[in-house]
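Computed from a predicted model, the values in this text were never measured in an experiment. We name chains A, B, ... by the order of the sequence lines, and we start the count at 1 in each one.
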Amino acid sequence: MKRTHHCNELRPAHIGQTVTLSGWVHSRRDLGGLIFIDIRDREGRTQTVFDPSDLTPELFAQAASLRSECVVSLTGKVRHRPEGTNNAKIPTGEIEVGITGLEVLNMAEVLPFAVDDPEVASKVNEELRLQYRYLDLRRPEMARNLKVRSKVAIAARSFMDEQGFLEVETPTLFKSTPEGAREFLVPNRREAGTFYALPQSPQQFKQILMVAGVEKYFQLARCYRDEDLRADRQPEFTQLDIEMSFIDREDIYALIEGLLKRVWKTALNIDVPTPFKRISFEEALNRYGIDKPDTRFGMELVDMTEDFKASTFKVFSGTITAGGVVKALNAKGMAGATQGQIETMTEYAKSFGAKGLAFIKVEGGEWKSPIVKFFSEAEKAALTTKLAIQEGDLILFAADQWLNACEILGKIRLYCADVLKAQGKLVIDPKQFNFLWVIEFPLLGFDREQNRWYSSHHPFTAPVTEDIPLLKTDPKKVRGQHYDIVVNGVELGGGSIRIHQPNVQKTIFEELLAIPPEETKLRFGYMLDAFKYGAPPHGGIALGFDRLIAILCNTPSIRDVIAFPKTAKGTCLMTDSPSQVSAKQLRDLYIEVKAKPPTAPAAPAAPTAPAK
RNA sequence: GGGGGUGUAGCUCAAUUGGUUAGAGCGCUGCCCUGUCACGGCAGAGGUUACGGGUUCGAGCCCCGCCACUCCCGCCA
């Protein structure tokens, strides 16, 4: 019996037709003399009815023996439900199928967890969900996530195609380029002691493709980073990777705005207004204390440096004298913060090297604070005005070097928003999406410990043209032609206009990043070579595809939008990988495992060390 | 590498200050039930309290260790 319809297809218009549905037993309601079975497939579910007057006793008994998640093929006639028994909760709720034929395709054992009840299933321990991922993915919520992912991938591909882009596949067996994230290494059987690395991104290949004259490249590219995991970080993940020639930043902005417009329309039927707002790195830090601001709520940082320059409160005035700033944040309605909450915020401040966290609770018409006694009337007045202080507010201060002060309060701002959300005092519309370009990042940062400059994005990022002379005189002031696309406080992606002149690239590598010329040659020689033979000006961007889908599916974890994700320790609970390999496999690869094999039988961690 | 949280029946969770035989709902098994859709009713089975030690007359609860999952910091050019 081959299916004639899917389980979300039958409507009153089909009444009278004989149909066959195939799928899983979603739920069974056995009334004794009458059995209802909801059959479910990828599309939805349909109620079927087993009435003994239409069936042989054997068939009826077989229906009674089915349990949840058995796979069946059911044949019968579509009919109206009796008066008053329609089910408005499902699209097929006006009809039912009176069954005359039943074929059991596969019986199911009792399940380790329920997949039919969304309330229960969504709370099941993730460990169990990952172990039985094939059951987890049957849940309508997860099936929807997979569907959104597929639809968005296809929409993105067709949009890029319409814009004249070519999708080009780049190698996943690549060269180790030990800058940036730790890489996964792949031993080479053909020559002892040599290794491939899995790419952290197709960055270098896509730039080479520009030299190759591809002009417009994109790829849904799998990338690998051997770093610790988070809710939004997996060791392998997907990027929508893009590169274009003969363009400037505006072209990238316009392209991505068009792409995201298409994606949001496809996935959520939402019309995203464009162009997106833009904010400089400096302004983002000044106002929100972070380079990926969530602008769906206020509580912006306020600069109080001028007002406390001559304060008798030495913690503030001293910091200012030392070249620092005083910034403040009004956490509206948080005067009732608990000791524990203040403690948490203080810990944030301390993690940035601050000694403590100054605060004022505005309660009962009073400023309750250990530091207010040091403030002059003028200082208090300045605070009241600039921070719009009202009853019930909590004012928090950071006095430190500019970047630190901003980042401390940025962290606290997000923490306060979480607290207020949990208390219901801050409500954010789940359909609100604040897109934002963050631009004009500093090209370089300085590592005090290693006493050298490092690229804040990556070493191929071009400086803003008018800042190029500063490279040799004041590198700190050089802005990069780098841009991040941010939505609701999540970094969706980033990119830059690249350096296409070999001499500028050489300056960056050798003079600023202080990579010895031999090493530059070894690691990036082929790129510098390529740039000698006619490299067009080019630039690009990469969007985190998993994060994009997670935002569209309204889930905080990208594991929910990846079919087979890894746990926080990088293992796959379903296949039990990584696993140990045979002695012969290791021998072929010239690898000797020196660490002791794990003693616990259920935890094969299989640490491998390269043979050297 | 560091910090926090969790782990009790197949699942989700209870269990007073350390005190009787570790409970409930769902699921499961059996019986009854012809209009249910969270079907209903009756009965029943089901526990190494993650694991290993310790303290105690007595430990799910306290202590030490360990494992797994999870969140965060570091890390992620």
Would you indicate which nucleotide in [options] comes nearest to any side-chain atom of [X]?
X        : options                : result
A:Glu126 : B:rG35, B:rC76, B:rU70 : B:rU70
A:Arg559 : B:rU34, B:rC28, B:rU70 : B:rU70
A:Arg225 : B:rC39, B:rC28, B:rC76 : B:rC76
A:Glu227 : B:rC69, B:rC75, B:rC37 : B:rC75
A:Val110 : B:rG27, B:rC37, B:rG35 : B:rG27
A:Ser27  : B:rC39, B:rG35, B:rG10 : B:rC39
A:Asp30  : B:rC33, B:rC69, B:rU36 : B:rC33
A:Arg29  : B:rG35, B:rC75, B:rC37 : B:rC37
A:Arg81  : B:rC69, B:rG35, B:rU29 : B:rG35
A:Pro52  : B:rG10, B:rU34, B:rC69 : B:rU34

Under 4.0 angstrom, heavy atoms only, what part of the nucleic acid is [X] near: base, sugar-phosphate, or nothing?
X        : result
A:Ala114 : nothing
A:Gln203 : base
A:Lys350 : nothing
A:Gln204 : nothing
A:Pro112 : sugar-phosphate
A:Arg79  : base
A:Thr461 : nothing
A:Leu128 : sugar-phosphate
A:Thr85  : base

Starting from [atom2] on [N], measure out to [atom1] on [X] and report it in whole angstrom.
X        : N      : atom1 : atom2 : result
A:Gln234 : B:rU70 : CD    : P     : 9 Å
A:Gln47  : B:rA38 : CD    : P     : 10 Å
A:Glu69  : B:rG27 : CD    : P     : 14 Å
A:Ile558 : B:rC71 : CD1   : C1'   : 15 Å
A:Arg547 : B:rC76 : CZ    : P     : 14 Å
A:Lys89  : B:rU36 : NZ    : P     : 13 Å
A:Asp226 : B:rG1  : CG    : C1'   : 14 Å

To the nearest 0.5 Å, how far apart are NZ in A:Lys175 and CD in A:Glu183?
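The distance works out to 10.5 Å.
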Spacing of SG belonging to A:Cys553 relative to CE belonging to A:Met142, to within rounding of 0.5 Å:
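Result: 9.0 Å between the selected atoms.
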Any side-chain donor paired with an acceptor under 3.5 Å for A:Gln204 and A:Tyr526?
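The answer is yes; a qualifying pair exists.
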Assess whether one donor atom and one acceptor atom, taken from the side chain of [X] and the base of [N], lie less than 3.5 Å apart.
X        : N      : result
A:Glu127 : B:rU70 : no
A:Asn125 : B:rG7  : no
A:Glu83  : B:rG35 : no
A:Arg230 : B:rG74 : yes
A:Arg233 : B:rC75 : yes

Let's test this: given Watson-Crick or G-U wobble pairing with both distances under 3.5 Å, identify the partner of [N].
N      : result
B:rU16 : none
B:rC69 : B:rG5
B:rG40 : B:rC32
B:rG10 : B:rC26

Where is the tightest heavy-atom contact between A:Cys572 and A:Thr575, given as atom of each residue plus distance?
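Taking every non-hydrogen atom into account, SG-OG1, 3.1 Å.
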Looking at A:Ile499 and A:Pro463, what are the two nearest heavy atoms and their distance?
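The pair with the smallest heavy-atom distance is CG1-CD, 4.2 Å.
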Please check the phosphate of B:rC39 (OP1 and OP2 only) for any side-chain N or O of A:Arg28 closer than 4.0 Å.
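A:Arg28 to B:rC39 OP1/OP2: no side-chain N or O under 4.0 Å.
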A:Thr571 or A:Phe352: which one's nearest nucleotide on RNA chain B is closer to the 5' end?
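The 5'-side residue here is A:Thr571.
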Let me know, please, whether A:Ala231 or A:Gly33 comes out on the 5' side of the other along RNA chain B by nearest nucleotide.
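Taking each residue's closest nucleotide, the earlier one in sequence belongs to A:Gly33.
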Between the protein and nucleotides 41-43 of chain B, which nitrogen or oxygen pairs are less than 3.5 angstrom apart?
none

According to the interplanar angle, ranging from 0 to 90°, do the rings of A:His482 and A:Phe441 count as parallel (below 30°), tilted (30 to 60°) or perpendicular (above 60°)?
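Ring orientation, 0 to 90° scale: parallel.
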Could you give the distance separating [M] and [N] at their [atom1] atoms, to the nearest angstrom?
N      : M      : atom1 : value
B:rG58 : B:rC39 : C1'   : 47 Å
B:rU17 : B:rU56 : C1'   : 15 Å
B:rC11 : B:rA50 : P     : 13 Å
B:rC57 : B:rG41 : P     : 49 Å
B:rC75 : B:rG7  : P     : 32 Å
B:rG1  : B:rA14 : C1'   : 37 Å
B:rU49 : B:rA15 : C1'   : 11 Å
B:rU16 : B:rA22 : P     : 14 Å

Using a 5.5 Å cut-off between ring centres and planes within 30 degrees, is A:Phe113 stacked on the base of B:rC11?
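A:Phe113 ring does not meet the centre or angle cut-off for B:rC11; no stack.
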Kindly write out the residues that satisfy ring-ring contact (aromatic ring centres under 6.0 Å, His included) with A:Phe205, not counting sequence neighbours, or none if the list is empty.
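Per chain and number, A:Phe205 pairs via ring-ring contact (aromatic ring centres under 6.0 Å, His included) with A:Phe174.
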Residues in side chain to side chain donor-acceptor pair (under 3.5 Å) contact with A:Asp241, at least two apart in sequence or another chain:
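In terms of side chain to side chain donor-acceptor pair (under 3.5 Å), with neighbours along the sequence ignored, A:Asp241 is linked to A:Lys206, A:Tyr217.
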Counting the benzene-type ring for Trp, do A:Phe524 and A:Phe460 have ring centres under 6.0 Å apart?
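Here the rings of A:Phe460 and A:Phe524 have centres that are less than 6.0 Å from each other.
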Donor-acceptor contact present, side-chain A:Asp484 to main-chain A:Val438, <3.5 Å
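Such a contact is absent between A:Asp484 side chain and A:Val438 backbone.
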Is the NZ atom of A:Lys421 crowded by more than 12 outside heavy atoms at less than 6.0 Å?
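It does: A:Lys421 NZ has more than 12 such atoms within range.
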A:Lys77 atom NZ, neighbour heavy-atom count above 12 within 6.0 Å
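No, because the 6.0 Å sphere around NZ of A:Lys77 holds 12 heavy atoms or fewer from other groups.
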